[in-house]
Amino acid sequence: MDRLKGKRALITGGTTGIGLETARHFVNEGARVAVTGRNPATLGAARSELGKDVLIIASDASEVPAQKKTAEEVREAFGGLDVLFVNAGIAELRPVEQWDEASFERSFAINVKGPFFLIQALLPIFAIPASIVLNASVNAHIGMPNTSVYGASKAALLSMTRTLSGELISRGIRVNAVSPGPISTPLYSKLGLAEADLKAVSASIQSQVPAGRFGNPSEIAQAVVFLASDESAFTVGSEIQIDGGLGNL
Ligand code: NAP
């Protein structure tokens, strides 16, 4: 129960889904935790769910100045940071001809640009050692229709995992990634699909997963705890695929 005892951790998008579950695991493992989110309703729900010891930060993951402000809030509250889980992200799925510039830029701003500048803003306060875990996706590896922009944004995160791991390890900062397959979270209800279409999409995705089911957020959180903890001290620039076998087809 003490695998993260004494660690100070920041989870972006820690108000629902994988981020919220990871926040619960981090707290149970003895970490001091801060989470970010944007939606006032889910920020409020996370505050009730996680309790008063968890710092809740309203911060838009797409905006560069907001990343600097978040880093400052973490410094003021914790004095430094041992673990960063870069998790906030959106999945907009649609055929290539239905994309416009604004939607493309929104996906990349939230999934790639904000994370990059958050890491940059946090560099002065990372402890030695520190661990950064990026939440990518199986969609960086497979040719699932309608995921061109989402998959490209996650492939960018995986590239950054490798390059930043090489750049930051000499400062004592490890960078690794998790790549989930389909996980049961509110992400799917945000796809803008009618209920019947959502059921059909979910059934189609599930039928492609060798394990025959969606994963649970805790199955990702457990891997993030490992990468965040000193148990993974020699794990650098790597990716753990947790996808029921989907990425290996
Ligand atoms: P989720 O329940 O929708 O969680 C997304 C989280 O990100 C929420 O806390 C959300 O907060 C936050 N977020 C989104 N846009 C934001 C913004 N602009 N600023 C600040 N926070 C923002 O979905 P999830 O499935 O847990 O997704 C978490 C991560 O896992 C994402 O990066 C996703 O791409 C990745 N992933 C998910 C799956 C899956 O099947 N579920 C598979 C592979 C990878 P608000 O409520 O405030 O928007």
Side-chain angles (χ1 to χ4, degrees), residues 10-25 33-47 49-50 54 56-67 69-70 84-93 103 105-115 117-118 133-142 144 147 149-158 160-161 177-192 198 201-202 204-206 208-209 211 213-221 223-224 239-244 246-247:
L10 172 64
I11 300 173
T12 68
T15 52
T16 67
I18 293 168
L20 177 62
E21 184 62 18
T22 304
R24 290 191 193 103
H25 277 65
V33 176
V35 301
T36 72
R38 179 188 44 172
N39 176 336
T42 45
L43 282 164
R47 188 171 281 114
E49 164 71 32
L50 293 170
V54 171
I56 309 281
I57 301 174
S59 176
D60 190 326
S62 69
E63 292 171 4
V64 175
Q67 309 315 304
K69 201 162 158 280
T70 297
L84 169 65
F85 181 33
V86 177
N87 166 75
I90 58 163
E92 284 196 40
L93 310 184
S103 313
E105 284 184 348
R106 183 168 59 246
S107 281
F108 267 75
I110 296 172
N111 292 358
V112 183
K113 184 177 76 173
F117 284 101
L118 177 62
V133 184
L134 303 175
N135 198 349
S137 172
V138 68
N139 291 112
H141 296 288
I142 62 176
M144 187 183 284
T147 64
V149 173
Y150 179 66
S153 72
K154 295 302 189 175
L157 278 188
L158 288 176
M160 262 183 223
T161 301
V178 289
S179 282
I183 306 298
S184 300
T185 72
L187 177 135
Y188 292 90
S189 60
K190 299 174 186 171
L191 292 177
L198 184 56
V201 167
S202 298
S204 158
I205 292 173
Q206 183 161 319
Q208 298 168 50
V209 180
R213 65 171 175 88
F214 273 56
N216 301 310
S218 66
E219 292 176 307
I220 307 304
V224 180
E239 174 193 12
I240 302 181
Q241 291 179 241
I242 310 147
D243 58 15
L246 183 59

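Order of listing sets the numbers, starting from 1, for every ligand and every atom in it.
To the nearest 0.5 angstrom, His25 atom NE2 is 12.0 Å from Ile18 atom CD1.
Residues meeting the side-chain hydrogen bond (donor to acceptor under 3.5 Å, both in side chains) test with Ser218, sequence neighbours left out: none.
By the 4.0 Å N-to-carboxylate-O rule, Glu105 lies too far from Lys113 to be salt-bridged with it.
Of the N and O atoms on the side chains of Ser153 and Ser107, not one donor lies less than 3.5 Å from an acceptor on the other residue.
At least one side-chain heavy atom of Leu93 sits less than 4.5 Å from a side-chain heavy atom of Leu191.
When heavy-atom distances to ligand 1 are checked against 4.0 Å, the residues falling inside are Gly13, Gly14, Thr15, Thr16, Gly17, Ile18, Gly37, Arg38, Asn39, Thr42, Ser59, Asp60, Ala61, Asn87, Ala88, Gly89, Ile90, Ile110, Asn135, Ala136, Ser137, Tyr150, Lys154, Pro180, Gly181, Pro182, Ile183, Thr185, Pro186, Leu187, Tyr188, Lys190, ordered by chain and number.
Nearest heavy-atom pair, Pro186 versus Thr16, reported as atom, atom and distance to 0.1 Å: CG-CB, 4.1 Å.
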